[in-house]
Amino acid sequence: MAVLPNNDYDKLIEAIEDREDVEAGRRFRAKLAAGEEELIPAEFVNRMIDGENKIKVWRDVHGMSAKALADAAGISAPYLSQIEGSIREGSTEEMKIIAEALNVTIDELL
């Protein structure tokens, strides 16, 4: 057991959290360099935050037309349009295929 002043304890905790943040940044940069992560412009992030359909936003990030994504996912362009317009929900399997075609995880579409 060790006893130390609250101020010293707070500094110790802050140093640990800073080290964890630095390590998380290092891991991210390594994944970015390996092509396992990507940076996207704030414009696209803001569109998702504002509630725009994530499939549409990711499609725009990757410069894909709706037809190209529909073809890659093996679904019709009108059906993709209905999913993007929140008229219909894609099945879990279709969402997985769309995610693969966009090179994102399904969690990034939900």
Side-chain angles (χ1 to χ4, degrees):
M1 177 186 279
V3 177
L4 64 151
N6 233 11
N7 192 35
D8 290 345
Y9 175 79
D10 291 341
K11 286 180 183 176
L12 183 62
I13 295 300
E14 186 176 330
I16 291 169
E17 290 171 348
D18 287 348
R19 182 181 173 109
E20 290 170 349
D21 290 345
V22 168
E23 181 59 24
R26 187 200 63 72
R27 285 191 308 268
F28 176 79
R29 285 188 300 279
K31 286 183 174 184
L32 185 62
E36 298 169 7
E37 288 285 352
E38 68 179 310
L39 298 175
I40 64 171
E43 164 199 347
F44 296 107
V45 175
N46 290 335
R47 287 171 54 189
M48 288 185 222
I49 290 170
D50 290 342
E52 189 170 338
N53 182 278
K54 292 179 182 179
I55 296 171
K56 167 89 169 84
V57 176
W58 277 110
R59 187 168 57 74
D60 290 347
V61 167
H62 294 290
M64 293 181 82
S65 68
K67 174 83 170 110
L69 177 56
D71 289 347
I75 60 176
S76 71
Y79 182 55
L80 176 62
S81 177
Q82 291 174 344
I83 294 172
E84 287 184 349
S86 300
I87 297 167
R88 295 180 69 181
E89 289 186 21
S91 69
T92 302
E93 191 57 39
E94 289 164 336
M95 295 301 284
K96 286 179 185 177
I97 294 169
I98 291 169
E100 283 179 26
L102 289 169
N103 197 30
V104 299
T105 66
I106 191 168
D107 291 335
E108 291 171 300
L109 299 181
L110 304 176

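The structure presented is a predicted model; accordingly, all values stated were derived computationally and were not measured. Atoms considered below: every heavy atom in the structure, side chains included; atoms not considered: hydrogens, waters and symmetry mates.
Between the side chain of E17 and the backbone N or O of E14, no donor-acceptor pair lies under 3.5 Å. Under the 3.5 Å distance criterion, the side-chain polar atoms of K54 are matched with a main-chain donor or acceptor of L110. In this structure a side-chain-to-backbone donor-acceptor pair under 3.5 Å is present from N53 to I55.
Side-chain contact between E38 and N103: absent, with no pair of heavy atoms (C-beta onward) separated by less than 4.5 Å.
Atom CD of E89 is surrounded by 12 or fewer heavy atoms from other residues, nucleotides or ligands within 6.0 Å. More than 12 heavy atoms of other residues, nucleotides or ligands sit less than 6.0 Å from atom CZ of F28.
The CH2 atom of W58 sits 8.5 Å away from atom CG of L109, with the distance rounded to the nearest 0.5 Å. Considering CD1 of I98 and CG of L69, their distance stands at 6.0 Å, rounded to 0.5 Å. Interatomic distance, CG of D60 versus CD of E52, reported as 7.0 Å (0.5 Å rounding).
In this structure, I87 is not a member of the same hydrophobic cluster as M95, with clusters built from ILVMFWY side-chain heavy atoms closer than 4.5 Å.
The shortest heavy-atom contact between L32 and E37 is CD1-O, 3.3 Å. When every heavy atom of A101 is checked against every heavy atom of A72, the shortest pair comes out as CB-CB, 3.8 Å.
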Take E108 and T105, measure what side chain to side chain contact (heavy atoms under 4.5 Å, CB included) needs, and give me the verdict at the end.
-> CA-CA 5 Å; E108 291 171 300; T105 66; 3.3 Å; yes
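A salt bridge does not link K96 to E100: none of the charged side-chain nitrogens sits closer than 4.0 Å to a carboxylate oxygen.
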